[in-house]
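Heavy-atom basis, side chains included; hydrogens, waters and symmetry copies ignored. The sequence lines fix the lettering, A, B, ..., with proteins before strands; numbering per chain opens at 1.
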2 protein chains.
Amino acid sequence: MSALSSQEPSPKRRIGAEKSETRALIVDVTEQVIREEGYAAASTRRVALRAGLNPSLVHYYFPSTDDLLLAVFERGAAQSDAMIAAALASNEPVRALWQFFRDDSRTALSVEFIALAIRRPAIREQISAHASAMRAQQIALFERVLGERLAQATGCSPAGLSVILAGVGRALFMEAALGVTSGHDEAIQCVEKWLDALIPSP
Amino acid sequence: MSALSSQEPSPKRRIGAEKSETRALIVDVTEQVIREEGYAAASTRRVALRAGLNPSLVHYYFPSTDDLLLAVFERGAAQSDAMIAAALASNEPVRALWQFFRDDSRTALSVEFIALAIRRPAIREQISAHASAMRAQQIALFERVLGERLAQATGCSPAGLSVILAGVGRALFMEAALGVTSGHDEAIQCVEKWLDALIPSP
DNA sequence: CGCAATGCTGAACACCAGTTCAACTAACCT
DNA sequence: AGGTTAGTTGAACTGGTGTTCAGCATTGCG
């Protein structure tokens with residue numbers, strides 16, 4: 001509920017070291033819990049239990065639950081950033097980005113954090129800022145690689161393409177998790193035909 | 001946790017009437033809570049509090065929380081079915097369906113129930129069955145209205161189109177809830193250009 | 001009028017949650 | 001060796017949750 005986090009406003013309260021092994025373990029286990037049971041199941045006590053740790057120890061490294069969730073998010077966001085940077089540097093940037101959107105493991109976390117951000121004001125700003133930054137990077141990528149060809153061939157702008165590909169990727173993931181896969185192969189085929197038409201084959 | 005619901009396996013336990021006003025109020029309030037605070041906040045006690053009712057009364061009408069959530073889902077699903085039927089009967093069925101996908105109020109519930117279904121085995125089957133049925137209806141609609149033109153113009157199948165439009169609609173909603181809207185207008189424009197090219201204007 | 005059904009309440013049980021705090025232990029630095 | 005520091009624990013407080021159940025009140029029906 002508190003708006004302040006990750007700061008040291010209180011005079012005395014001790015906080016565990018940033019580079020502790022235990023701290024890393026806690027972040028690992030929390031990410032695993034979020035993946036398997038959803039963000040709502042990621043309570044400090046549950047994490048402690050699954051990590052074989054004392055609940056208080058979790059709060060020694062992460063004073064509040066929001067601090068813990070934020071740490072998991074930041075690590076995941078850094079990984080996403082690296083994947084997008086790699087896509088940008090590859091010789092097939094657009095297709096690499098499309099593979100990024102289709103990465104289930106990444107999308108799983110991403111979807112959980114969107115849901116989380118919508119319900120947790122303390123975390124929301126960071127997540128939405130990162131989402132905006134990713135979007136901007138993707139737009140730049142499409143502009144650089146596809147240029148005018150995109151608008152001419154499809155009437156789409158780079159920004160529109162980014163929203164659509166991200167949306168399709170998330171839809172494929174969420175529906176598959178639900179157990180619904182009808183139309184998925186066809187949607188993938190459709191997008192890839194689209195990309196084929198846009199990109200000169202090497 | 002119990003696999004059986006909505007049945008009367010126990011010999012004596014009383015359950016409130018299906019057509020009770022109080023019951024309808026409970027369903028109303030639950031839907032509202034889900035919309036405003038997410039499915040995870042839809043506890044029977046919280047619903048009772050917001051409805052000004054005794055917690056036990058909620059369990060009088062809905063023995064388990066899953067029963068309550070299922071009732072909300074079923075009402076929402078029926079409304080979705082009606083909207084799709086209306087789209088099918090309209091003189092612009094494809095555009096009506098696209099508007100359905102862009103309906104924030106409907107999508108909000110839909111997204112919550114997908115998330116819910118992924119985590120609650122007792123409810124999952126009904127939700128995934130309904131999602132599959134909606135998909136089938138949409139595919140039939142696209143086949144009937146667009147026929148061969150769709151594949152010729154875009155290389156997409158009706159099933160692929162259904163997945164993509166649903167996905168874009170959900171993405172627009174989720175990102176907007178997060179506070180990210182960059183590229184949204186462009187994505188909408190892109191889809192509508194696409195539909196314009198597919199459908200002969202009257 | 002009495003009686004059964006229906007709507008509703010209060011209390012209780014067992015659980016899980018976040019968070020705090022004082023105190024224990026081990027390591028390390030000088 | 002002595003003292004500071006970091007890691008760790010146990011217990012406690014507060015509050016939310018699902019669920020049950022016996023019993024109250026009211027209504028309507030025979």
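- Here B:Glu31 pairs with B:Arg35, B:Val72, B:Arg75, B:Leu109 under the side chain to side chain contact (heavy atoms under 4.5 Å, CB included) rule; sequence neighbours left out.
- Atom CZ in B:Arg13 sits about 9 Å away from atom P in D:dT19, given to the nearest Å.
- Rounded to whole Å, the distance from CG on B:Asn54 to P on D:dG18 is 14 Å.
- Between B:His130 and B:Phe73, the two ring planes are perpendicular [angle over 60°; tilted spans 30° to 60°].
- Residue pairs that meet the disulfide bond (SG atoms under 2.5 Å apart) test with at least one member in residues 159-192 of chain B, sequence neighbours left out, are A:Cys156-B:Cys190.
- The side chain of B:Thr65 places an N or O atom within less than 4.0 Å of a non-bridging phosphate oxygen (OP1 or OP2) of D:dT19.
- Atom OH of B:Tyr60 is separated from atom P of D:dA22 by 16 Å (rounded to the nearest Å).
- For B:Tyr61 and C:dC8, the shortest distance from a side-chain N or O to OP1 or OP2 is below 4.0 Å.
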For residues 160-169 of chain A, which side-chain N or O atoms pair as donor and acceptor with protein atoms under 3.5 Å away, sequence neighbours left out?
residue, atom, partner, partner atom, Å
A:Ser162, OG, A:Arg135, NH1, 3.2
A:Ser162, OG, A:Gln138, OE1, 2.7

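- Around CD of B:Glu125, the count of heavy atoms belonging to other residues, nucleotides or ligands within 6.0 Å does not exceed 12.
- In this structure, B:Thr22 does not reach the C:dG7 phosphate: none of its side-chain N or O atoms is under 4.0 Å from OP1 or OP2.
- Annotation: of the two residues near DNA chain C, B:Gly16 and B:Ser56, the 5′-most nearest-nucleotide partner is B:Gly16.
- In this structure, B:Asp67 contributes its side chain and B:Ser64 its backbone to a donor-acceptor pair below 3.5 Å.
- Under the 3.5 Å distance criterion, the side-chain polar atoms of A:Thr181 are left unmatched by any main-chain donor or acceptor of A:His184.
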For this session: Assign a letter to each nucleotide of nucleotides 25-30 of chain D from its 5' end: B, base within under 4.0 Å of a protein heavy atom; S, sugar-phosphate only; -, no contact.
Result: ------
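- In this structure, CG of A:Leu57 is placed 6 Å from P of D:dT9, rounded to the nearest angstrom.
- A donor-acceptor pair shorter than 3.5 Å can be found between the side chains of A:Ser56 and A:Asn54.
- The salt bridge (Lys or Arg N to Asp or Glu O under 4.0 Å) search around B:Glu21 returns none, not counting sequence neighbours.
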Pairs under 3.5 Å (N/O, protein and nucleotides 22-27 of chain C):
residue, atom, partner, partner atom, Å
C:dA23, N6, A:Arg14, NH2, 3.3

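- Going from atom NE2 of A:His59 over to atom C1' of D:dG10 covers 14 Å, rounded to whole Å.
- Listed by chain and number, the residues in a salt bridge (Lys or Arg N to Asp or Glu O under 4.0 Å) with A:Glu36 are A:Arg50 (sequence neighbours excluded).
- In this structure B:Arg170 satisfies the salt bridge (Lys or Arg N to Asp or Glu O under 4.0 Å) test together with A:Glu175, sequence neighbours excluded.
- Sorted by first and then second residue, the pairs that involve residues 104-115 of chain B and meet salt bridge (Lys or Arg N to Asp or Glu O under 4.0 Å), not counting sequence neighbours, are A:Arg119-B:Glu112.
- Distance CD1 (A:Ile15) to C1' (D:dA6): 13 Å, rounded to an integer number of Å.
- Within the nucleic acid shown, A:Phe62 has no heavy atom closer than 4.0 Å to any nucleic acid atom.
- For the helix from C:dC1-D:dG30 to C:dT30-D:dA1, the angle separating the two terminal helix axes comes to 10°, with each axis derived from five pairs and the value rounded to 10°.
- Of the residues in residues 34-53 of chain B, those with a non-hydrogen atom less than 4.0 angstrom from any atom of DNA chain C are B:Arg45.
- For B:Pro158 against B:Leu150, the heavy-atom pair with the smallest separation is N-CD2, 3.5 Å.
- Residues satisfying the ring pair (Phe, Tyr, Trp, His ring centres under 6.0 Å) criterion with A:Phe142, sequence neighbours excluded, are absent altogether.
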